[in-house]
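Keep in mind the model is a prediction, meaning the values are calculated, not measured. Values below: every heavy atom of this structure, side chains too, minus hydrogens, waters and symmetry copies. Here is how names work: the chains are called A, B, and so on, in the same order as the sequence lines, proteins then strands, and each is numbered from 1.
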Amino acid sequence: DPAYYKWTQWIFLQIYNSWFNPEKKRAEPISTYQGEDPDSVRLAYVAEVPVNWCPELGTVLANEEVIDGKSEVGGFPVVRRPMRQWMLRITAFADRLLDGLEELDWPLSLKALQRNWIGRSEGAENEFRVAGSSRSDDRTPLRDLPVIRVFTTRPDTLYGATYMVLAPENPLVDEMVTEDRHRPVAEYRAQIAAKSDLERTDLAKEKTGVFTGAFALNPANDERIPIWIADYVLMGYGTGAIMGVPAHDVRDLEFARKFDLSVVPVVQAPGKTPEESIGYVEDGIAINSPLLDGLSREAATAKIIDWLEKNERGRRNVRFKLRDWLFSRQRYWGEPFPIVWRDGRHEALPEMELPLKPPALEDFKPTGTGEPPLAKAKDWIRYSENATRETNTMPQWAGSCWYYLRFCDPGNDRRFVGEESERYWMGGNDEAFPAKPGGIDLYIGGVEHAVLHLLYARFWHKVLYDLGQVSKPEPFQRLVNQGMILGEDNRKMSKRWGNVIDPLDVIEIYGADAFRCYEMFMGPLEQMKPWSMKGVEGVSRFLARVWRLMMTENQAGEWELSAAVQDVEPTKAQQKITHATVKKVTNDIESLSFNTAISQMMIFVNAFIPQRGTEAIPISAMHTFLVLLNPFAPHITSELWERLNSAGNITAQTWPVYDEKLLVEDEVEIVLQVNGKVRDRITVPLGATNAELEAAARANEKVRNALGDQTIRKVVVVPNKLVNVVGG
RNA sequence: GCCGAUGUGGCGAAAUGGCAGACGCAACGGACUUAAAAUCCGUUGGGCUUAAACGCCCGUGCCGGUUCGAGUCCGGCCAUCGGCACCA
């Protein structure tokens, strides 16, 4: 709908025309940027980077859309390939996306998934000077030596760094490698380049690597350590280079053992000798580290970072696993970018030219070459004499990043959401709802969106928040994950297993009411649970019982209102069950415990059914019941509501209220226990005193038998519930 | 390896620290029917004892703890599922 994606394109332009001010830690209009090249800091930018290319889908994919080297949609192979693509600078918001989670009422597991994906690590970046490389030798002054930066979460183990490893793809390798090591290094790099991501990350495989011939100086003690390249170091994380601390890192130890590199323990494990501490990766006491000896990990870390900073050999540093969001696709069905290219530079399309509609094409299919389908529309591409349109399109996530905002004000043609509507629905505390935290009150969705939609939408929302377009920094205040419905064989529904249940087939046989009610009756909302056709049948039977509770079939085979349904006062028992049902269903809906709400309504119907013919069914109780059941089974309850000749529309009725006084029993059953074991049950009037209950228990024959010749040491009385006689 | 969930009958599941298994499915028995379907009624955790009833014992993944009392709280394991993963 162009009236919708117009605003998706508009929001993209807001992102494009913004930058992240690191001092204020927030997005600002690009006009506030003082630097030379605004294009280098925009939140939407173009970069030539190795991307996830999926030949089968004919498009590139975001990291979040690649699972185990396969596309999230369809499961097709994905390969690394350098391409020029649009990226969104989500990494600038990594800290805020992480911190923002704290305040959210989300499942802990989901927060953990996002935290994990963002992957914040605290540590230090150390500078290793390179001596004895193709660019330097022993006579080069220290300050002129090339520098390799290395990130570590364990700066306290710096003295134990006995070698260094670069990722094979690291461009620094070319600068480091010495004449005599050229061949083996080139061969190794070629060998690694030929491997797929999957092969490379196979944990089981042996460590491989080659020496570059170059040496670095350990910044802690200026000791010469060899520089290797190995594929266990990844270009995509940190700086693409590590310091090898074999004594306290299992991977480094494996590598060092294989290539006979020296291993120096610098952390002593409790109760172990230094030699025995090799392989120990937990916190311990620093040894063999002149500046740090005797310090705990915490103290050693603080001290070495101070020292590094003072000596300009390193600094405190934080790293994230989160990468920028690859935002362009080579597909027809996506929002076209509101961008034109002129003289090799991109620029924003004027707002008044939105929506930018895609051109009509004969063939929508991906080209397969990486060239977007839109590139085929030569007339459309040509924007002016010297400018052409961007031909990539946005991913499906773009539109879903802000739809909840549009829901607040769907018809607005002047803004993506009216300011007042946005404040009303998404804003926080106001006079009417003082405790409202803002954002969407309740968002129900699957966990599969953990690091896709839920991450992307939070990011967009934060940009809009910084730009003053929305009133709260988080979009989804409370979130509940509904569990996945498995096939009847308890496996994930999939064509492969032939266990897919089509809702339409179920609705065809049992109706939408039965389908809905069964889904809610199956079990707790959040839980994964298998489908059962028999279960649907059971719920369908319940709805049929509801029908027959009020309706009878006449001689002609037509359903008519049952004669038992009368305008009479409910009996005391009927009143009690009705009020109990109102209470249970109301509370269960609040807590999203729909399964037990339905159980209670089954109990209600079971309580009324046997009385048919012998006792009148009060129409008032039926009215109450139908209103309770209406959200679960809207069709049958609407029909019955009409058949009862009730006034108004059932969906417009006020929700029933219960009277706690009517739920109180006259008599209660008291459980008698001896030493915690149930021995008897007695019925006493409500409100019997503790003394009365205790006396009744002491006098009870079964209690006395169970006690035998034990003396009573203690009697615990829980009013209206239980008496526990403790003997011994 | 790290993080997170979950373990209760034949099955889906209930249970503010207080009667374990509500409700439903399945199964079995019965009523209705020429018969079947549908519907209705009843039984249904395991074991021992008994002609039967009554009665008794065991039972919420395993081991321990707290408590008058634990499916529930605490500690330690085990298993299954999900996510991340040579992340430095």
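Listed nucleotides: rA26(B), rA88(B), rC81(B). Nearest to the side chain of M528(A): rC81(B). Closest to the S109(A) side chain, of the nucleotides rC19(B), rG83(B), rG4(B), is rG4(B). Closest approach to the R681(A) side chain among rC40(B), rC19(B), rG12(B) is made by rC19(B) (side chain taken as heavy atoms from C-beta onward). Minimum atom distance to the side chain of M602(A) is reached by rC23(B), of the listed rC23(B), rA20(B), rC40(B). Checked against rG24(B), rA88(B), rA14(B), the side chain of T153(A) finds its nearest nucleotide in rA88(B). For L722(A), counting side-chain heavy atoms from C-beta on, the closest listed nucleotide (rG18(B), rA13(B), rA85(B)) is rG18(B). Closest contact between the side chain of P530(A) and the listed nucleotides rC68(B), rG12(B), rC86(B) involves rG12(B). Distances from the side chain of L234(A) to the nucleotides rC23(B), rA88(B), rC19(B) place rA88(B) closest.
Taking atom C1' on both rG71(B) and rA14(B), the two are 11 Å apart, rounded to the nearest angstrom. Rounded to whole Å, the P atom of rC48(B) lies 14 Å from the corresponding atom of rA53(B). Taking atom C1' on both rC73(B) and rA88(B), the two are 40 Å apart, rounded to the nearest angstrom. Atom C1' of rG59(B) sits at a distance of 8 Å from the matching atom of rG45(B), rounded to the whole Å. Atom P of rU6(B) sits at a distance of 14 Å from the matching atom of rU72(B), rounded to the whole Å. Between the P atoms of rA79(B) and rC74(B), the separation comes to 22 Å (whole Å). Taking the P atom of each, rA52(B) and rG47(B) are spaced 15 Å apart, rounded to whole Å. Using atom C1' as the reference point in both rG18(B) and rC25(B), the two lie 30 Å apart (nearest Å).
Using a 4.0 Å heavy-atom criterion, one finds that L113(A) contacts the sugar-phosphate atoms exclusively. Looking at heavy-atom distances under 4.0 Å, E526(A) makes no contact with the nucleic acid at all. Looking at heavy-atom distances under 4.0 Å, P107(A) makes no contact with the nucleic acid at all. The residue G119(A) sits apart from the nucleic acid: no heavy atom pair falls under 4.0 Å. Counting any heavy atom pair closer than 4.0 Å across all strands shown, K702(A) reaches sugar-phosphate atoms only and no base atom. Using a 4.0 Å heavy-atom distance criterion, K677(A) is classed as a sugar-phosphate-only contact. In this structure, V233(A) reaches the bases: a heavy-atom distance under 4.0 Å links it to at least one base atom across the strands shown. Residue T239(A) is classed as having no contact, given no heavy-atom separation below 4.0 Å to the nucleic acid. Among the atoms of the strands shown, only primed sugar atoms or phosphate atoms (P, OP1, OP2) are found under 4.0 Å from some heavy atom of K534(A). Residue T596(A) is classed as a sugar-phosphate contact, given heavy-atom separations below 4.0 Å to backbone atoms only. Residue contacts for V678(A): at a heavy-atom cut-off of 4.0 Å it reaches the sugar-phosphate backbone alone, with no base atom in range. At the heavy-atom level, V716(A) lies under 4.0 Å from base atoms of the strands shown. Across all strands, Q673(A) comes closer than 4.0 Å to base atoms (heavy-atom distances). Residue-level contact check: N595(A) touches the backbone only, with heavy atoms under 4.0 Å from sugar-phosphate atoms and none from bases.
Remark: rG75(B) base-pairs with rC63(B). Criterion, Watson-Crick or G-U wobble with two distances under 3.5 Å. Pairing for rG42(B) goes to rC28(B), judged as Watson-Crick or G-U wobble with the two contacts each under 3.5 Å. With a 3.5 Å ceiling on both atom-pair distances, the Watson-Crick or G-U wobble partner of rC68(B) is rG18(B). Both distances falling under 3.5 Å, in either a Watson-Crick or a G-U wobble arrangement, place rA5(B) opposite rU80(B).
By the 6.0 Å and 45° rule, K207(A) does not stack over the aromatic ring of F255(A). Both tests pass for R458(A) against the ring of W106(A): distance under 6.0 Å to the centre and angle within 45° of the axis.
Under 4.0 angstrom from either OP1 or OP2 of rC40(B) there lies at least one side-chain N or O belonging to R548(A). Between rC23(B) and R541(A), no contact under 4.0 Å exists linking OP1 or OP2 to a side-chain N or O. Residue R115(A) places none of its side-chain N or O atoms closer than 4.0 Å to OP1 or OP2 of rG83(B). For the pair K529(A) and rG12(B), the criterion of a side-chain N or O lying under 4.0 Å from OP1 or OP2 is not met.
In this structure, P524(A) and N724(A) both approach RNA chain B, and ranking their closest nucleotides by distance from the 5' end singles out P524(A). The 5' end of RNA chain B is approached more closely, in terms of each residue's nearest nucleotide, by I603(A) than by the other of I603(A) and R154(A).
Taking atom CG on N490(A) and atom C1' on rU6(B), their separation rounds to 13 Å, with Å as the unit.
A syn base is found at rG9(B): its glycosidic angle is within 90° of 0.
No option in T152(A), T239(A), T153(A) other than T239(A) meets the side chain to side chain contact (heavy atoms under 4.5 Å, CB included) test with R319(A).
We find that R315(A) and E125(A) are joined by a salt bridge, their nearest charged nitrogen and carboxylate oxygen being less than 4.0 Å apart. In this structure, E254(A) does not pair ionically with K258(A), as no charged nitrogen and carboxylate oxygen lie closer than 4.0 Å. Between K583(A) and E660(A), at least one side-chain N (NZ, or NE/NH1/NH2) sits under 4.0 Å from a carboxylate O, which counts as a salt bridge. With respect to the salt-bridge test (charged N to carboxylate O, under 4.0 angstrom), the residues K111(A) and E102(A) do not qualify.
Residue side chain K721(A) reaches the base of rU16(B) through a donor-acceptor N/O pair under 3.5 Å, judged by distance alone. You'll find a donor-acceptor pair under 3.5 Å spanning the side chain of K207(A) and the base of rC86(B), going by distance alone. For N116(A) against rC84(B), a side-chain-to-base donor-acceptor contact under 3.5 Å is absent.
When atom types are taken as modelled, the side chain of K534(A) and the backbone of S532(A) share no donor-acceptor pair closer than 3.5 angstrom.
With 3.5 Å as the limit, one finds a donor-acceptor pair spanning the side chains of W117(A) and E64(A).
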